[in-house]
Amino acid sequence: MSSDQQHPYGEQPYDPYDPYAGQRHQPYGYQEQEDPHVTQTWEGQTWDTQYQPVVRQQAAPPAPPVAYGADTAYHPPQDAHALPPEAPVPAPDHVTYQPAPTADPAPAYSVPPYSAPTTSGGRGTALTAAQRARAEGRSPVIEPGLRPAALTAVLGVLLAGGAALGSYALVVPLVLLQAVTAAGWFRLNGMWPARQGIALAFAGGVTADIALLVAGRENAPAAIIGTLGVWVLLTLVLQLRSHADPDERMYGLMATVASAALTIVAAGHLGADPDAVVVGGLAVAATAVARTLPLPGPASLVVALLAAAGAGIAAGGVTGLGSPGALLGLAAGVCALVGLRAASYDYPSTFVHMTAGVALPLTAAAPAVYLLGRALG
């Protein structure tokens with residue numbers, strides 16, 4: 001059949017329904033994938049059922065031009081910050097030729113006497129004086145020196161003079177000794193300021209002095225031990241109420257108990273025989289001064305002990321104690337050396353030397369003065 005027969009009235013062919021017209025409104029670059037297994041059928045109205053219109057495929061829009069190297073160019077992340085422009089390096093006016101040294105010179109090594117304290121001596125941190133001394137094979141112990149020894153001698157002479165005058169005269173230098181002992185022990189342990197601990201330890205020593213004055217010398221052990229027990233219990237109660245860390249609380253407990261014990265034990269000078277206190281005070285004074293002599297270590301120890309024994313003999317002859325005063329003086333000298341050693345450990349500060357270095361020799365000698373004074377008297 002011809003086209004005239006199909007359209008006898010001269011009408012234009014019917015524009016069939018375009019099933020793909022909706023694709024013109026799809027987003028840019030969208031292309032629908034055709035399934036090859038699905039057969040397309042024509043559902044539009046037509047005069048001829050055999051007529052199949054040609055389906056016009058929508059041409060894909062041309063791809064935008066791509067600049068050369070755009071796919072390989074480096075794009076920084078969106079949150080990165082641009083680096084500031086580099087400052088131009090000025091060219092030197094002239095170049096001086098310096099020949100390379102043939103050998104590296106040895107660096108000058110200078111060690112300051114004290115350095116900033118640190119908890120570790122790793123790379124990049126400052127070493128403490130004690131760590132540097134150990135690394136170099138030297139002893140990390142410094143003796144208090146002449147000034148603390150002179151103060152120890154003065155305090156020992158005051159104790160001896162107070163004991164010769166009477167108990168109440170002895171209380172004055174004894175209270176001073178207890179105050180310096182409490183402060184020096186806390187500073188020696190690195191705890192400063194520790195006003196509550198120092199006040200608690202000093203109060204324990206004063207309480208022991210009052211108990212000795214009330215109870216008398218014959219009841220000195222009961223007064224000293226009873227005061228020590230009460231103060232240990234009081235220290236435990238106060239530390240349990242503390243809000244510090246467990247490690248810090250335990251460290252404070254041990255330091256407070258030790259300081260209170262030393263301060264209370266120093267009251268043994270008040271409970272000892274007056275002649276023994278005179279001998280012990282003078283022996284400690286002689287030991288502290290002799291220890292500062294510029295002698296080798298073993299020789300210095302021997303000279304200090306000989307000085308203590310000689311002071312004991314001299315004081316024993318004056319007080320009527322006699323030759324046993326040499327034994328008492330020697331024992332007091334040994335205790336004084338122990339106290340000096342404790343105050344000299346690990347590069348202490350000047351404050352430690354002027355407190356613990358002054359008081360610990362006399363405080364450590366109190367038990368020997370009391371026990372040997374009772375036994376020899």
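In this chain, numbering begins with 1 at the start of the sequence shown. Quick caveat, the model's predicted, so the values are computed rather than measured.
The hydrophobic cluster containing Val277 also contains Leu212, counting ILVMFWY residues as joined when their side-chain heavy atoms lie under 4.5 angstrom apart, directly or transitively. Put simply, Leu282 and Leu305 are part of two different groups of oily side chains (I, L, V, M, F, W, Y) that touch within less than 4.5 Å, one to the next. No continuous path of ILVMFWY side-chain contacts below 4.5 Å connects Leu188 to Leu200, so the two sit in separate hydrophobic clusters. Note on Ile224 and Leu170: same hydrophobic cluster, where clusters join Ile, Leu, Val, Met, Phe, Trp and Tyr whose side-chain heavy atoms are under 4.5 Å apart, directly or indirectly. Val369 is connected to Val180 through a chain of hydrophobic side-chain contacts under 4.5 Å among Ile, Leu, Val, Met, Phe, Trp and Tyr, so both are in one cluster.
Residues Ala266 and Thr363 share a closest heavy-atom pair of CB-CG2, 4.0 Å. Nearest heavy-atom pair across Thr181 and Ala359 is OG1-CB, 3.3 Å. Pairing each heavy atom of Ala290 with each of Ser300, the nearest pair is O-OG, 4.3 Å. Minimum interatomic distance between Ala331 and Leu372 (heavy atoms only, all atoms of both residues): CB-CD1, 3.3 Å. Scanning all heavy atoms of the two residues, the minimum distance from Arg374 to Glu218 falls at NH2-N, 4.0 Å. Minimum heavy-atom separation, Leu360 to Gly339: CB-O, 3.7 Å.
Looking only at side-chain heavy atoms (C-beta outward), Arg217 and Pro274 come within less than 4.5 Å of each other. Side-chain contact between Ile142 and Ser344 is absent, with no heavy atoms from C-beta onward closer than 4.5 Å. Residues Ser323 and Ile313 are not in side-chain contact: their nearest non-hydrogen atoms beyond the backbone lie 4.5 Å or more apart. Side-chain contact between Leu151 and Met354: present, with at least one pair of heavy atoms (C-beta onward) separated by less than 4.5 Å. Two residues are said to be in side-chain contact when any heavy atoms from C-beta on lie closer than 4.5 Å; Arg291 and Leu337 meet this criterion. Between Thr287 and Pro361 there is no side-chain heavy-atom pair separated by less than 4.5 Å.
Side-chain atoms of His353 never come within 3.5 Å of backbone atoms of Arg147 as a donor-acceptor pair (strictly under, hydrogens ignored). The backbone N or O of Asp247 sits nowhere less than 3.5 Å from a side-chain atom of Asp245 that would complete a donor-acceptor pair.
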message: If you apply the rule side chain to side chain contact (heavy atoms under 4.5 Å, CB included), what do you find for Thr355 with Trp185, and how did you get there?
response: CA-CA 8 Å; Thr355 53; Trp185 185 260; over 6 Å; no
task: Let me see the working for Tyr370 and Asp273 under side chain to side chain contact (heavy atoms under 4.5 Å, CB included), right down to the final yes or no.
output: CA-CA 7 Å; Tyr370 176 81; Asp273 186 75; over 6 Å; no
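Interatomic distance, Leu234 CG to Thr227 OG1, rounded to the nearest 0.5 Å: 12.0 Å. Expressed to the nearest 0.5 Å, how far CD of Gln196 lies from CZ of Phe186 amounts to 10.0 Å. To the nearest 0.5 Å, atoms CG (Leu174) and CG (Leu158) are separated by 12.0 Å.
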Check residues 251-265 and write down every donor-acceptor pair under 3.5 Å in which the side-chain atom is one partner and the other belongs to a residue at least two apart or another chain.
unit_1, atom_1, unit_2, atom_2, d
Tyr251, OH, Asn189, O, 2.6
Thr256, OG1, Gly252, O, 2.7
Thr263, OG1, Ser259, O, 2.7

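Arg341 CZ: 12 or fewer foreign heavy atoms inside a 6.0 Å radius. Other residues, nucleotides and ligands place more than 12 heavy atoms under 6.0 Å from the CG atom of Leu236.
Looking at Val171, Leu177, Asp209 one by one, the single match for side-chain contact (heavy atoms from CB on, under 4.5 Å) with His269 turns out to be Leu177.
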